[in-house]
Amino acid sequence: NRVPYISDQALYGQSDRWATPIEFLKYGGDCEDFAITKYVALRALGVPEERLRILILQDMQKNIPHAVLVAYSDTGPVILDNQIKTVTHVERLNHYKPIFSIN
């Protein structure tokens, strides 16, 4: 989460663009860029793809779409979110409404 957050509009002049992990690490990016890079990093470390999902959701507090990474751990699903400093169990978050997930 130390990489700078920057909107796609500010960085690329587009309303939405999914950056590669290399682009993200070099230039910064927005929420889905954080989620994609975390996904790729955990896959490279050997976490099986069936334990990872990029989740697109609605942030009900901010009323905006958002993207996070869900990892299915031995203690249940956890969220890796650029807006939260720690890995958080899904049941602790009630301000997100899932829309769809991919891996």
Side-chain angles (χ1 to χ4, degrees):
N1 290 343
R2 293 182 184 152
V3 174
Y5 179 94
I6 184 166
S7 72
D8 290 333
Q9 190 65 47
L11 191 56
Y12 300 108
Q14 299 174 353
S15 62
D16 193 37
R17 182 177 184 282
W18 290 32
T20 68
I22 292 171
E23 291 171 325
F24 169 72
L25 293 171
K26 188 173 181 179
Y27 303 114
D30 63 4
C31 59
E32 75 272 359
D33 303 324
F34 278 91
I36 291 166
T37 301
K38 290 173 185 182
Y39 179 96
V40 170
L42 289 173
R43 287 289 295 126
L45 290 169
V47 176
E49 68 181 46
E50 61 270 8
R51 288 188 162 244
L52 301 171
R53 305 230 17 119
I54 295 173
L55 176 62
I56 309 302
L57 46 78
Q58 183 72 15
D59 184 324
M60 304 305 282
Q61 290 177 342
K62 296 180 180 179
N63 197 29
I64 58 170
H66 186 46
V68 298
L69 182 66
V70 177
Y72 294 89
S73 72
D74 293 338
T75 61
V78 295
I79 299 283
L80 288 78
D81 185 344
N82 67 294
Q83 296 184 42
I84 301 172
K85 292 183 180 188
T86 60
V87 174
T88 306
H89 281 272
V90 170
E91 67 271 3
R92 292 189 178 168
L93 300 172
N94 58 9
H95 65 287
Y96 288 153
K97 180 182 175 185
I99 299 170
F100 70 92
S101 68
I102 57 175
N103 75 353

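This chain uses plain numbering: 1 for the first residue, then up along the sequence.
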### Task
Take atom OH of Tyr27 as the centre, draw a 6.0 Å sphere, and report whether it contains more than 12 heavy atoms from other residues, nucleotides or ligands.
no

### Task
Spell out, yes or no, whether Val70 and Tyr96 are grouped together once hydrophobic residues are joined by side-chain heavy atoms under 4.5 Å, including indirect joins.
yes

### Task
Would you confirm whether Arg51, through its side chain, and Ala71, through its main-chain N or O, come within 3.5 Å as a donor-acceptor pair?
no

### Query
Should we say atom CG of Leu45 is surrounded by more than 12 heavy atoms from elsewhere, each under 6.0 Å from it?
yes

### Task
Might you work through the side-chain contact (heavy atoms from CB on, under 4.5 Å) test for Thr88 and Asp81, ending with a clear yes or no?
CA-CA 8 Å; Thr88 306; Asp81 185 344; over 6 Å; no

#### Entry: Close side-chain approach of Glu23 to Arg17, heavy-atom, < 4.5 Å
yes

### Query
With side chains defined as the heavy atoms from C-beta onward, is the minimum distance between Ile84 and Leu93 less than 4.5 Å?
yes

### Message
Side chains of Val78 and His89, heavy atoms from C-beta outward: is any pair under 4.5 Å?
### Response
yes

### Message
Taking ring-ring contact (aromatic ring centres under 6.0 Å, His included) as the definition, give me every residue that meets it alongside Tyr39, ordered by chain and number, with sequence neighbours left out.
### Response
none

### Task
Evaluate the side-chain proximity of Glu32 to Ile54: yes if any heavy-atom separation is below 4.5 Å, no if none is.
no

### Message
If you compare all heavy atoms of Pro98 against all heavy atoms of Leu55, which two are closest, and at what distance to 0.1 Å?
### Response
CB-CD1, 4.0 Å

#### Entry: Shared hydrophobic cluster, Phe34 / Leu11 (ILVMFWY, side-chain heavy atoms < 4.5 Å)
no

### Derivation of the side-chain contact (heavy atoms from CB on, under 4.5 Å) call for Glu50 and Tyr72
CA-CA 8 Å; Glu50 61 270 8; Tyr72 294 89; over 6 Å; no

### Summary
Taking every heavy atom of Ala19 against every heavy atom of Asp33, the minimum-distance pair comes out as N-OD1, 2.8 Å

### Message
Assigning hydrophobic clusters by single linkage (Ile, Leu, Val, Met, Phe, Trp, Tyr; side-chain heavy-atom cutoff under 4.5 Å), is Leu25 placed with Tyr5?
### Response
yes

### Query
Taking all atoms of both residues into account, what is the closest heavy-atom pair of Asp59 and Gln83, and its distance?
OD2-OE1, 4.0 Å

### Task
Please check if Leu69 and Ile102 belong to a single hydrophobic cluster, counting links between Ile, Leu, Val, Met, Phe, Trp and Tyr side chain heavy atoms closer than 4.5 Å.
yes

### Message
Can you give me the closest heavy-atom contact between Pro21 and Val40, atom names plus distance?
### Response
CG-CG2, 3.8 Å

### Query
Are side-chain heavy atoms of Leu80 and Leu42 found at a separation under 4.5 Å?
yes

### Query
Same cluster or not: are Phe100 and Leu52 linked, directly or through other Ile, Leu, Val, Met, Phe, Trp or Tyr residues, by side-chain heavy atoms under 4.5 angstrom apart?
yes

#### Entry: Closest heavy-atom pair and its distance - Cys31, Asn82
CB-OD1, 3.6 Å

### Task
Using the side-chain contact (heavy atoms from CB on, under 4.5 Å) rule, take Lys38 and Asn1 through it: C-alpha gap first, then chi angles, then the decisive distance, then the call.
CA-CA 10 Å; Lys38 290 173 185 182; Asn1 290 343; 2.7 Å; yes

#### Entry: Closest non-hydrogen atom pair, Gly28 against Val3
CA-CG1, 3.5 Å

### Query
With no hydrogens and no angle check, do the side chains of Gln58 and Asn63 hold a donor and an acceptor under 3.5 Å apart?
yes

### Task
Taking the side chain as every heavy atom from C-beta outward, state whether Asp30 and Gln9 have any pair of such atoms under 4.5 Å apart.
no

